[in-house]
2 protein chains.
Amino acid sequence: MHKIQMYICLMYSSELIKGTLKTLVLNLLAKHDRMYGYEITQHVKERTEEKIQLTEGALYPLLHRLEADGLLTTEKVSIGKRVRKYYKLTKTGKQAATTLSDEFRQFSKTMNKLLDTFQSKPQLQWLN
Amino acid sequence: MHKIQMYICLMYSSELIKGTLKTLVLNLLAKHDRMYGYEITQHVKERTEEKIQLTEGALYPLLHRLEADGLLTTEKVSIGKRVRKYYKLTKTGKQAATTLSDEFRQFSKTMNKLLDTFQSKPQLQWLN
DNA sequence: CTTAATACCTAAGAAAATTATGCATTAAGA
DNA sequence: TCTTAATGCATAATTTTCTTAGGTATTAAG
């Protein structure tokens with residue numbers, strides 16, 4: 001007897017994440033005080049029902065960039081023999097988080113308005 | 001006597017456009033049947049009160065890619081000695097427009113939800 | 001004992017935008 | 001009339017950033 005599972009891919013085209021990754025990460029840190037990389041990927045995955053999945057190849061370089069830019073500071077914590085690297089917002093980082101968050105909200109409003117004027121057809125319903 | 005003008009930059013950080021340009025262009029064409037490149041830039045600029053400004057360096061290569069991918073067809077029209085290049089959606093292009101539009105709507109909902117859980121502080125008001 | 005999950009990282013390549021051009025026509029203004 | 005701004009196309013070099021595909025190591029679970 002085999003158990004058969006079917007998956008429907010609900011993930012967004014990764015294109016959309018592109019302009020938004022920094023906004024996402026900074027605001028996650030604004031809420032959680034400190035987080036480590038892997039934690040960030042899991043958190044986003046859970047909170048979006050797997051729809052947004054951050055790849056480590058994109059995340060870690062971003063975190064390093066943000067640290068280099070002075071938006072984050074790091075702190076290493078040993079868990080047994082493993083070392084976690086926690087990231088925390090600086091003051092500048094907090095400001096950036098707010099700015100980017102507001103910017104995204106406004107942008108998505110503008111975009112949705114544009115898209116609405118484009119097509120007046122009834123909205124398709126999404127699986128979820 | 002000099003005329004002094006002050007500008008307040010209301011434009012979005014161009015980061016956000018990145019994942020969205022294709023969605024925007026295809027849906028603009030879905031609404032307008034046919035448009036030429038320059039017209040697209042002006043239309044978006046006007047409809048968004050200058051907040052979204054498409055650069056030609058991004059737009060034209062995109063249009064060429066979309067044509068190469070079979071989402072658009074072109075048609076050249078002479079206006080005096082100038083030649084306009086009109087773009088029009090193919091059937092595939094129309095489908096893509098709808099898909100991407102729905103995807104964006106859903107994505108922005110998800111993102112906004114995430115951002116809302118991040119910070120419960122009162123929203124900053126935006127100029128305009 | 002082996003696999004999955006946790007946890008970090010980087011390098012090569014691809015994709016797409018920015019910046020900076022270039023050319024030409026036409027309208028508007030000094 | 002002369003010059004500038006607007007219209008209209010386009011590309012090339014560079015940069016940025018993501019994807020893909022690895023690598024290492026620890027710990028939990030089966």
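Lettering of chains follows the sequences in order, A, B, ..., and the numbering in each one begins at 1.
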Legend entry - Atom-pair distance (CD on A/Glu56; P on C/dT10), nearest Å: 12 Å
Inset, instruction - Write down the distance between CZ (B/Arg84) and C1' (D/dA6), rounded to a whole number of angstrom. - result: 13 Å
Inset, instruction - Round to a whole Å and report the spacing from OH of B/Tyr38 to C1' of C/dT25. - result: 13 Å
Legend entry - Rounded distance (Å) that lies between atom P of D/dT17 and atom CG of A/Leu63: 13 Å
Inset, instruction - Look at the side chain of A/Thr90 and the backbone N and O of A/Gly93, then say whether any donor-acceptor pair between them is shorter than 3.5 Å. - result: yes
Legend entry - A/Pro61 vs A/Glu15, nearer the 5' end of DNA chain C by closest nucleotide: A/Pro61
Inset, instruction - Please state how far atom OH in A/Tyr86 lies from atom P in C/dA7, giving the value in whole angstrom units. - result: 8 Å
Inset, instruction - Go through D/dT7, D/dT19, C/dC8 for me and flag the one nearest to the B/Gln42 side chain. - result: D/dT7
Legend entry - N or O in side chain of B/Lys18 less than 4.0 angstrom from C/dT18 OP1/OP2: no
Inset, instruction - Take A/Leu59 and A/Ile79, find for each the nucleotide of DNA chain D with the closest heavy atom, and name the residue whose nucleotide sits nearer the 5' end. - result: A/Leu59
Inset, instruction - Would you indicate what B/Leu21 reaches in the nucleic acid, counting non-hydrogen atoms under 4.0 angstrom: base, sugar-phosphate, or nothing? - result: sugar-phosphate
Legend entry - Integer-rounded Å distance: D/dT17 P and A/Asp69 CG: 9 Å
Inset, instruction - Respond yes when some side-chain nitrogen or oxygen of B/Tyr36 is under 4.0 Å from OP1 or OP2 of D/dG8, and no when none is. - result: yes
Inset, instruction - Identify whether any heavy atom of A/Leu62 sits under 4.0 Å from a base atom; if not, whether one sits that close to sugar-phosphate; answer base, sugar-phosphate or nothing. - result: nothing
Legend entry - C/dC9 OP1/OP2 closer than 4.0 Å to side-chain N/O of A/Lys85: yes
Inset, instruction - Considering only NZ, NE, NH1 and NH2 on the basic side and carboxylate oxygens on the acidic side, decide whether B/Glu75 and B/Lys88 come within less than 4.0 Å. - result: no
Inset, instruction - Could you tell me the separation between the CD atom of B/Glu46 and the P atom of D/dA6, rounded to a whole number of Å? - result: 13 Å
Inset, instruction - Could you tell me whether B/Asp116 and A/Arg105 make a salt bridge, using a distance below 4.0 angstrom between a side-chain N and a carboxylate O? - result: yes
Inset, instruction - Please determine if a side-chain N or O atom of A/His64 lies less than 4.0 Å away from the OP1 or OP2 oxygen of C/dT10. - result: yes
Inset, instruction - Measure across A/Ala97 and A/Leu89 and return the closest heavy-atom pair with its distance rounded to 0.1 Å. - result: CB-CD1, 4.3 Å
Legend entry - Interatomic distance, B/Gln53 CD vs D/dA6 P [rounded to whole Å]: 12 Å
Inset, instruction - Could you tell me whether A/Gly37 contacts a base, only the sugar-phosphate backbone, or nothing, with contacts defined as non-hydrogen atoms closer than 4.0 Å? - result: sugar-phosphate
Inset, instruction - For the residue pair A/Tyr87 and A/His64, categorise the inter-ring angle as parallel (less than 30°), tilted (30 to 60°) or perpendicular (more than 60°). - result: tilted
Inset, instruction - State whether B/Arg82 places a side-chain N or O below 4.0 Å from either non-bridging phosphate oxygen (OP1 or OP2) of C/dT26. - result: no
